[in-house]
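All remarks here apply to the structure that follows.
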Amino acid sequence: MGRFHRHDDGTAHAHAHEDGTAHAHAHDDGTAHAHAHEDGTAHAHDDATEHAHEDGSEHAHDAATVHVHDGDGGHSHGTPNAVPGSAPGSVPVGAPDHSGYRTGVERVEVLEAIFGENDKTAAANRAQFAAAGVRAVNLMSSPGAGKTTLLRETLSRLAGELRIGVIEGDIETSLDADRLVGFGAEIALINTGNGFGGECHLDAPMVASALPRLPLRELDLVLIENVGNLVCPAEFDVGQDARAMVYAITEGEEKPLKYPVMFRSCELVVVNKMDLLPYLGFDLDGFVENLRKVNPAADLIFASARTGDGVDAWCNWLRARR
């Protein structure tokens with residue numbers, strides 16, 4: 001079974017040894033290695049390396065070459081400048097060989113370990129929230145859908161009524177966190193840029209790192225503004241009590257079908273930027289139909305965070321979580 005762990009410096013490792021399964025790790029200097037031998041899977045080197053096969057042959061690789069071993073030590077290489085192959089159905093000559101991605105059960109085991117460790121931490125986060133009497137909402141969306149604008153309106157309306165903390169997730173900068181200052185909320189910023197080029201989501205350990213910076217026992221509600229992305233945030237439990245997403249009509253009515261995991265994971269979808277509806281060729285009925293195909297039970301709120309329309313309905317939804 002593979003294991004995954006993250007260090008304080010942002011580097012991360014996923015390992016699976018002794019059984020031919022793949023393992024991968026990244027170093028502080030940016031180099032990375034992924035290996036899987038004896039079962040025909042690929043491994044890649046990002047610097048010039050030399051190694052020997054069981055048949056006694058040996059060879060060296062240039063940086064970023066990829067090769068696949070079969071049972072007799074044979075291999076194929078991929079280069080960035082591929083030209084079409086001559087045989088019907090053949091891989092283009094010089095094309096990158098992607099057969100190494102077909103790692104079957106080994107890859108599944110590594111991913112199960114990653115999510116398993118995350119879920120343990122998520123359960124611990126949830127226990128912390130419960131012990132403090134706090135409810136937590138994981139708010140997700142694509143970049144630019146309007147999460148931060150909605151949160152500004154939310155904090156201004158609920159100030160003095162609910163004691164709110166915000167965990168603000170972004171790859172870089174404090175721009176969104178800065179926009180939420182001055183509304184009475186406690187704010188803990190998480191920048192994910194130390195990950196593999198910047199993690200596209202918050203996971204449970206990241207949220208756990210922010211909890212000591214919030215006075216949980218003095219709060220009623222924690223709003224977790226996740227990193228803008230329509231894929232990965234939906235896959236990671238962070239210990240929330242509920243999941244909601246902000247969807248902007250500028251994104252197109254087909255998005256529930258293209259990104260079903262996100263839309264399926266949410267109890268609420270806030271359809272934002274409704275003030276732009278007269279200016280867009282957006283099929284609102286088509287969007288609702290597509291959403292219902294993947295999530296028949298999700299609550300729907302039509303809003304404009306810019307004008308304030310529908311924000312009261314969102315605030316009422318939050319009140320009901322208490």
Side-chain angles (χ1 to χ4, degrees), residues 135-158 162 164 166-170 175-176 179-180 183 185 200-202 221-236 238 240-322:
R135 304 290 282 181
V137 175
N138 185 4
L139 186 61
M140 302 174 288
S141 80
S142 63
K147 292 191 306 296
T148 308
T149 302
L150 180 64
L151 286 181
R152 280 174 59 93
E153 286 292 315
T154 303
L155 297 180
S156 67
R157 295 175 191 230
L158 295 180
L162 293 178
I164 298 176
V166 176
I167 296 176
E168 179 63 47
D170 258 320
L175 292 173
D176 286 349
R179 293 180 62 197
L180 301 178
F183 293 93
C200 59
H201 60 276
L202 295 181
L221 177 68
V222 170
L223 299 174
I224 303 167
E225 183 174 0
N226 219 307
V227 179
N229 188 293
L230 277 183
V231 182
C232 299
E235 298 178 337
F236 286 84
V238 297
Q240 73 284 322
D241 297 293
R243 289 175 173 174
M245 73 169 294
V246 179
Y247 161 83
I249 63 172
T250 51
E251 299 176 64
E253 60 272 1
E254 78 285 356
K255 291 302 183 292
L257 303 181
K258 295 180 68 174
Y259 302 94
V261 175
M262 171 64 74
F263 287 87
R264 190 180 295 127
S265 72
C266 295
E267 288 95 327
L268 168 71
V269 177
V270 178
V271 182
N272 193 29
K273 303 189 181 182
M274 287 294 294
D275 54 305
L276 299 180
L277 186 61
Y279 312 103
L280 302 174
F282 177 75
D283 183 356
L284 184 59
D285 291 337
F287 165 76
V288 174
E289 180 181 352
N290 291 336
L291 173 63
R292 292 309 179 202
K293 288 177 181 177
V294 300
N295 190 342
D299 293 331
L300 264 175
I301 293 176
F302 299 98
S304 168
R306 187 179 69 85
T307 67
D309 290 342
V311 177
D312 284 339
W314 155 249
C315 290
N316 288 336
W317 187 89
L318 291 175
R319 291 185 181 99
R321 308 276 77 73
R322 292 289 306 135

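Every value quoted in this text rests on a predicted model; they were computed, and no experiment measured them. The figures here come from the full heavy-atom set of this structure, side chains too, leaving out hydrogens, waters and symmetry mates.
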* Asked: From Lys258 NZ over to Glu251 CD, what is the distance, rounded to the nearest 0.5 angstrom?
  -> 11.0 Å
* Asked: Which salt bridge (Lys or Arg N to Asp or Glu O under 4.0 Å) pairs, counting each pair once, include a residue from residues 294-317, with sequence neighbours left out?
  -> Arg157-Asp312, Asp275-Arg306
* Just wondering, do Leu268 and Val137 contact through their side chains at under 4.5 Å, heavy atoms? -> no
* Point-to-point distance, once rounded to the nearest 0.5 Å, from OG of Ser304 to CG of Leu277 -> 11.0 Å
* To do: Give the C-alpha distance, both sets of side-chain angles, the deciding distance and a yes or no for side-chain contact (heavy atoms from CB on, under 4.5 Å) between Ile249 and Val271.
  => CA-CA 7 Å; Ile249 63 172; Val271 182; 3.6 Å; yes
* To do: Mind listing the closest non-hydrogen atom pair of Val269 and Ala298 along with its distance?
  => CG2-CB, 4.5 Å
* Who are the side-chain contact (heavy atoms from CB on, under 4.5 Å) partners of Ala305, not counting sequence neighbours? -> Thr149, Leu150, Asn272
* **Partner set under side-chain contact (heavy atoms from CB on, under 4.5 Å) for Asp283, not counting sequence neighbours** => Glu253, Asp285
* Asked: Which atom names give the shortest non-hydrogen contact between Trp314 and Ala244, and what distance separates them?
  -> CZ3-CB, 4.2 Å
* Under a 4.5 Å cut-off applied to non-hydrogen side-chain atoms, are Asp170 and Leu175 in contact? -> no
* With sequence neighbours left out, write down each residue that passes side-chain contact (heavy atoms from CB on, under 4.5 Å) with Glu267, or none if nothing qualifies. => Ala242, Arg243, Trp317
* Using modelled atom types only, decide if a donor and an acceptor are shared between the side chain of Arg292 and the backbone of Asn295 within a distance under 3.5 Å. => yes
* Asked: Which atoms form the tightest heavy-atom contact between Cys232 and His201, and what is the distance?
  -> CB-ND1, 3.5 Å
* **Between CZ on residue Arg135 and CD1 on residue Ile164, distance to nearest 0.5 Å** => 14.5 Å
* May I have the step-by-step check of side-chain contact (heavy atoms from CB on, under 4.5 Å) for Phe302 and Leu284, ending in yes or no? => CA-CA 10 Å; Phe302 299 98; Leu284 184 59; 3.7 Å; yes
* To do: Starting at CG of Asn226, measure out to SG of Cys200 and round the result to the nearest 0.5 Å.
  => 9.5 Å
* Asked: What distance separates Ile301 CD1 from Met274 CE, expressed to the nearest 0.5 Å?
  -> 12.5 Å
* Asked: With Arg319, which residues qualify under salt bridge (Lys or Arg N to Asp or Glu O under 4.0 Å), at least two apart?
  -> Glu161
* Can you check whether Val231 reaches Val261 side chain to side chain, under 4.5 Å on heavy atoms? -> no
* First locate atom CG of Leu230, then atom CZ of Phe263, and finally report the distance between them rounded to the nearest 0.5 Å. => 6.0 Å
* Asked: What residues, two or more places apart in sequence or in another chain, satisfy side-chain contact (heavy atoms from CB on, under 4.5 Å) together with Thr148?
  -> Asp176, Arg179, Leu180, Glu225
* Asked: In a check of side chain to side chain contact (heavy atoms under 4.5 Å, CB included) between Met245 and each of Ser142, Pro233, Ser265, Cys266, which one passes?
  -> Cys266
* Asked: Which residues satisfy the side chain to side chain donor-acceptor pair (under 3.5 Å) test with Lys147, sequence neighbours excluded?
  -> Ser141
* side-chain contact (heavy atoms from CB on, under 4.5 Å) between Leu223 and Leu139, worked out -> CA-CA 7 Å; Leu223 299 174; Leu139 186 61; 5.9 Å; no
* Structure fact -> The complete set of ring-ring contact (aromatic ring centres under 6.0 Å, His included) pairs with one or both residues in residues 268-299, sequence neighbours excluded, reads Tyr247-Phe287
